[in-house]
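A quick write-up on the structure given underneath.
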Amino acid sequence: MIQLIRGFKDILPPESALWQHIERTAIGVFENFGFREIRLPILEQTALFARSIGEDTDIVEKEMYTFPDRKGDLVTLRPEATAGVVRSYIQHKLHAEDPVRKFYTIGPMFRRERPQKGRYRQFYQINAEVFGIASPLMDAQLIYMLMKLFQKLRVKDIAAHINSLGCPACRPEFKSALRVFLSDKTGSLCSDCQKRWMNNPLRVLDCKVPACREALTGAPMLSGHLCPDCRSHFNAVKTWLDELKIGYLVDDRLVRGLDYYTRTTFEIQTGALGAQSAVAGGGRYDGLVKALGGPDIPAVGFAIGFDRLAAILEQEETGHSRRTDVYLAALGEDCRDLAFGWVCTLAGMGILVEMDFESRSLKSQMKRADRSGAAYVLILGENEMKQGLAVLRNLATRIQEEIPLDRLVDTLEQKIKKKQSTD
RNA sequence: GUGGGUGUAGCUCAGUUGGCAGAGCACCUGGUUGUGGCCCAGGUGGCCGUGGGUUCAAGUCCCAUCACUCACCCCA
């Protein structure tokens, strides 16, 4: 038997109904905030990710699906969405008409990590990206939008964590301060952190190895080294979150593994996913558009872990599948043929209708109707046919009535539409 | 990449010191000439993850391998 690839996943009904619900809710919320959908390819040139995410990150170093295509060009299955959105923004000169653009996009990402709870090699993200707005108001609004979405989806047990990573004016100074602080402690750091000490000492900050945490006691903190502009930007974000009544935690160690972030970073964390705490994460990346060859335009965005969000909500309940409106139970071939025509007509009118194609017993068809959650069963047998009638049974109340065949479609439509509006 | 746990029916899982492959749920049929849920009876369904080894005999013991899963790392 051929099985799906390790770390990949099928999304089957009824889970797919929950996915549609999440997707529709997110689209509704984002559109209200002025975001428009952008759809991008899954495959990009490898250089795009190497340059945006950073050569020294785990993602680029060991997690990407990279291979030469048939011509020999190096291509990569996208490990995240932002790089592609930025590429598209620059390539189509979207800044020319109006640098302010707000996009969302939904789709699969690929990272070759060891799979575990809440982590797959193909996973899905809902991304939102804003270009051309440097104001901290936008940082706060993005977090607000995120929390609003989670609130609409009734996600419980979540907390917003925020931090500021500074900018090219203040971060290098902090980096060297941190490097100096750690210089006589490098021996006690884990092997990863010894490399980070040279390449990117910020990453030592969110290492979870106890020895590294201990080495950090009394270490300089980013918050103490922000330049005046970054400081006031971060303060404004916090003030506006307060105004918007969004609770948050300032987390000095929230560094994140992508190199392009500047200033505000944030993560929405949950306790419901085992070791995976982040359901969404994002931040500002003011230098990325320019770094990828575009004009100097600020940007900020986030990504929601779709799989993780779905996993949290699945624990609640999945009543998002549509129930059958009416099940046509036909007895004998003549009746079945008649029913078949009506089923096609009714489905075309927007009624969820089912029938049995195997000419089973009435009892069996009733059972199937019941299992499908049908509101009504329409029974069509020889006796009724002779009289030009069909029997309509309400499965909940067990009340039956006779309906003339020549007014069948109208009557059913009327009854079902009425029932739908009272539900 | 590293470590732990688990692989037996569609699903959840029993399976004794090695001795005929099991239960519940689900599914199908009947009990009711043409009426669902509850109940009762019967039935379908298995390369016991895969390959090798030990043995008269392996679901059970040994080795290998694969998959799933949880955790480390990192992230969504």
Side-chain angles (χ1 to χ4, degrees), chain A residues 1-9 12 53 56-63 78-82 106-127 146 190-193 195-196 203 206-210 212 254-258 261 265-270 273-283 301-312 324 327 329-332 335 358 360-385 390-400:
Chain A
M1 183 178 43
I2 296 173
Q3 290 195 60
L4 87 183
I5 299 169
R6 178 169 167 76
F8 287 59
K9 189 190 176 195
L12 314 170
I53 298 167
D56 298 324
T57 57
D58 283 5
I59 293 175
V60 173
E61 267 180 1
K62 53 190 190 193
E63 294 174 0
R78 63 181 185 193
E80 58 104 41
T82 303
I106 303 175
M109 310 296 155
F110 303 84
R111 292 183 202 170
R112 223 203 104 97
E113 303 176 84
R114 191 79 173 257
Q116 75 188 71
K117 190 184 184 71
R119 191 163 74 192
Y120 301 95
R121 290 181 172 181
Q122 175 175 337
F123 60 103
Y124 294 78
Q125 286 188 344
I126 308 173
N127 279 78
L146 209 40
C190 71
S191 58
D192 284 336
C193 282
K195 272 183 257 161
R196 290 170 184 150
R203 301 274 310 283
D206 69 348
C207 184
K208 279 131 197 157
V209 175
C212 300
L254 187 64
V255 170
R256 307 184 54 73
L258 291 76
Y261 286 118
T265 55
F266 54 90
E267 222 168 72
I268 311 298
Q269 301 187 359
T270 173
L273 281 173
Q276 259 55 48
S277 54
V279 262
F302 64 72
I304 300 169
F306 203 139
D307 317 66
R308 292 184 182 177
L309 184 53
I312 296 172
T324 301
Y327 192 102
L331 294 160
C335 295
E358 312 292 327
R360 289 174 216 265
S361 68
L362 179 60
K363 176 180 174 151
S364 169
Q365 294 191 56
M366 291 294 291
K367 249 184 172 162
R368 285 165 171 275
D370 187 46
R371 222 185 304 147
S372 76
Y376 295 101
V377 176
L378 186 81
I379 299 163
L380 188 66
E382 313 263 317
N383 300 346
E384 288 83 359
M385 270 244 289
V391 171
L392 186 68
R393 179 179 176 93
N394 182 320
L395 280 175
T397 64
R398 310 175 86 162
I399 294 169
Q400 298 193 167

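Please read these numbers as outputs of a predicted model, since none were measured by experiment. Below, read A as the first sequence line, B as the second, and so on, with proteins coming before strands; counting in each chain starts at 1.
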Mind checking A/Asp307 for me? I need base, sugar-phosphate or nothing, with any heavy atom below 4.0 Å counting as a touch.
-> nothing
Considering only side-chain heavy atoms of A/Arg371, which listed nucleotide, B/A76, B/C27, B/G34, is closest?
-> B/C27
Give one of base, sugar-phosphate or nothing for A/Leu309, where a contact means two heavy atoms less than 4.0 Å apart.
-> nothing
Considering every strand shown, what is the Watson-Crick or G-U wobble mate of B/A23 when both distances are under 3.5 Å?
-> B/U12
When you measure from the side chain of A/Glu384, which nucleotide among B/G30, B/G36, B/G34 comes out closest?
-> B/G34
For nucleotides B/A41 and B/G46, find the distance between their P atoms and express it as a whole number of Å.
-> 24 Å
Looking across every strand, which nucleic acid part, if any, lies under 4.0 Å from A/Arg368 by heavy atom: base, sugar-phosphate, or nothing?
-> sugar-phosphate
Looking only at atom P, what distance separates B/C39 and B/G53, rounded to whole Å?
-> 50 Å
Which one is paired to B/G37, where only Watson-Crick or G-U wobble pairs with both distances under 3.5 angstrom count?
-> none
B/G3 and B/U8: how far apart are their P atoms, nearest whole angstrom?
-> 24 Å
Looking at every strand, decide which applies to A/Gln122 at a 4.0 Å heavy-atom threshold: base, sugar-phosphate, or nothing.
-> nothing
Any donor-acceptor N/O pair, A/Asp307 side chain to A/Tyr124 backbone, under 3.5 Å = yes
Please determine, for the side chain of A/Gln116, which listed nucleotide (B/U35, B/C74, B/A71) has the closest atom?
-> B/A71
Which comes earlier along RNA chain B counting from the 5' end, the contact point of A/Arg119 or that of A/Ile268, where each point is its nearest nucleotide?
-> A/Arg119
Remember a base hit wins even if backbone is also touched, and classify A/Gly7 as base, sugar-phosphate or nothing at under 4.0 Å, heavy atoms.
-> sugar-phosphate
Go through the steps for A/Gln400 and A/Arg393 under the test side chain to side chain donor-acceptor pair (under 3.5 Å), then give the verdict.
-> CA-CA 4 Å; A/Gln400 298 193 167; A/Arg393 179 179 176 93; 2.8 Å; yes
Got a donor-acceptor pair under 3.5 Å from the side chain of A/Glu61 to the base of B/G1?
-> no
Using purine N1 to pyrimidine N3 plus N6-O4 or O6-N4 for Watson-Crick, or N1-O2 and O6-N3 for G-U wobble, each under 3.5 Å, what pairs with B/G7?
-> B/C66
Any N or O donor-acceptor pair linking the side chain of A/Arg114 to the base of B/U2 at under 3.5 Å?
-> yes
Look only at the side chain of A/Gln365 and the backbone of A/Arg360, and say whether a donor-acceptor pair between them is shorter than 3.5 Å.
-> yes
Proximity to the side chain of A/Ser364 - top-ranked nucleotide from B/G36, B/U29, B/C72 = B/U29
Atom CG of A/Asp56 and atom P of B/C74: how far apart are they, to the nearest Å?
-> 15 Å
Rounding to a whole Å, what distance do you find between A/Ile59:CD1 and B/C74:P?
-> 12 Å
For A/Gln365, answer base if it contacts any base atom (sugar-phosphate contacts may also be present), sugar-phosphate if it contacts only those atoms, and nothing otherwise; contact means non-hydrogen atoms under 4.0 Å.
-> nothing
Gap between atoms CD and P, on A/Glu113 and B/U69 respectively (whole Å) | 14 Å
Sticking with atom P, work out how far B/C20 lies from B/C27, rounded to a whole angstrom.
-> 32 Å
State the CD1-CG distance between A/Ile268 and A/Leu146, to the nearest 0.5 angstrom.
-> 4.5 Å
Quote, to the nearest angstrom, the P distance that separates B/U29 from B/C48.
-> 30 Å
A/Asp58 side chain: which of B/A76, B/C74, B/U35 is closest?
-> B/C74
Pair of N/O donor and acceptor under 3.5 Å linking B/G1 base with A/Arg112 side chain = no
What nucleotide among B/A76, B/C28, B/G36 has an atom nearest to a side-chain atom of A/Arg360?
-> B/C28
Report yes or no: does A/Arg111 contribute a side-chain atom to a donor-acceptor pair with the main-chain N or O of A/Pro79 at less than 3.5 Å?
-> yes
Using purine N1 to pyrimidine N3 plus N6-O4 or O6-N4 for Watson-Crick, or N1-O2 and O6-N3 for G-U wobble, both under 3.5 Å, which nucleotide pairs with B/G46?
-> none
Could you say whether A/Tyr124 or A/Asp370 is positioned toward the 5' end of RNA chain B, judged by the nucleotide with the nearest heavy atom to each?
-> A/Asp370
Watson-Crick or G-U counterpart of B/A57, or none if no pair lies under 3.5 Å | none
Remember a base hit wins even if backbone is also touched, and classify A/Gln400 as base, sugar-phosphate or nothing at under 4.0 Å, heavy atoms.
-> base
Does any nucleotide pair with B/U17 by Watson-Crick or G-U wobble geometry, both distances under 3.5 Å, and what is it?
-> none
Across the strands shown, which category fits A/Gly118 at heavy-atom distances under 4.0 angstrom: base, sugar-phosphate, nothing?
-> base
Mate of B/C74 across any strand shown (Watson-Crick or G-U wobble, both atom pairs under 3.5 Å) is none
Atom pair CD1/CZ of A/Ile5 and A/Arg121 - distance to nearest 0.5 Å = 10.0 Å
Supply the atom-to-atom distance A/Tyr327 OH to A/Lys367 NZ, rounded to the nearest 0.5 angstrom.
-> 12.5 Å
What's the closest nucleotide to the A/Arg393 side chain, out of B/G36, B/G30, B/C70?
-> B/G36
Could you give the CD-to-C1' distance, from A/Gln3 to B/G7, as a whole number of Å?
-> 12 Å
P atoms of B/U6 and B/G24, separation to the nearest Å | 26 Å
For A/Ala280, which contact category applies under a 4.0 Å heavy-atom criterion: base, sugar-phosphate, or nothing?
-> sugar-phosphate
Can you see which heavy atom on A/Leu258 is nearest to which on A/Thr57, and at what distance?
-> CA-CG2, 4.4 Å
Between B/A57 and B/G18 - P atom distance, rounded Å = 15 Å
Would you say whether A/Phe123 stacks on B/A76? The test is a distance between ring centres of less than 5.5 Å and an angle between planes of less than 30°.
-> yes
Starting at OH of A/Tyr376 and ending at P of B/G37, how long is that distance when rounded to a whole Å?
-> 21 Å
Tell me: CG of A/Leu258 to C1' of B/C74, nearest whole Å?
-> 10 Å
Considering only the P atoms, how many Å lie between B/G22 and B/A9, rounded to the nearest integer?
-> 14 Å
Between A/Arg119 and A/Glu113, is there a side-chain N and carboxylate O pair less than 4.0 Å apart?
-> yes
Give the rounded distance in Å between these two atoms: OH of A/Tyr327 and P of B/G37.
-> 14 Å
Figure out the CG/C1' separation between A/Leu362 and B/U35, and round it to whole Å.
-> 5 Å
When you measure from the side chain of A/Ala303, which nucleotide among B/A76, B/A71, B/G36 comes out closest?
-> B/A76
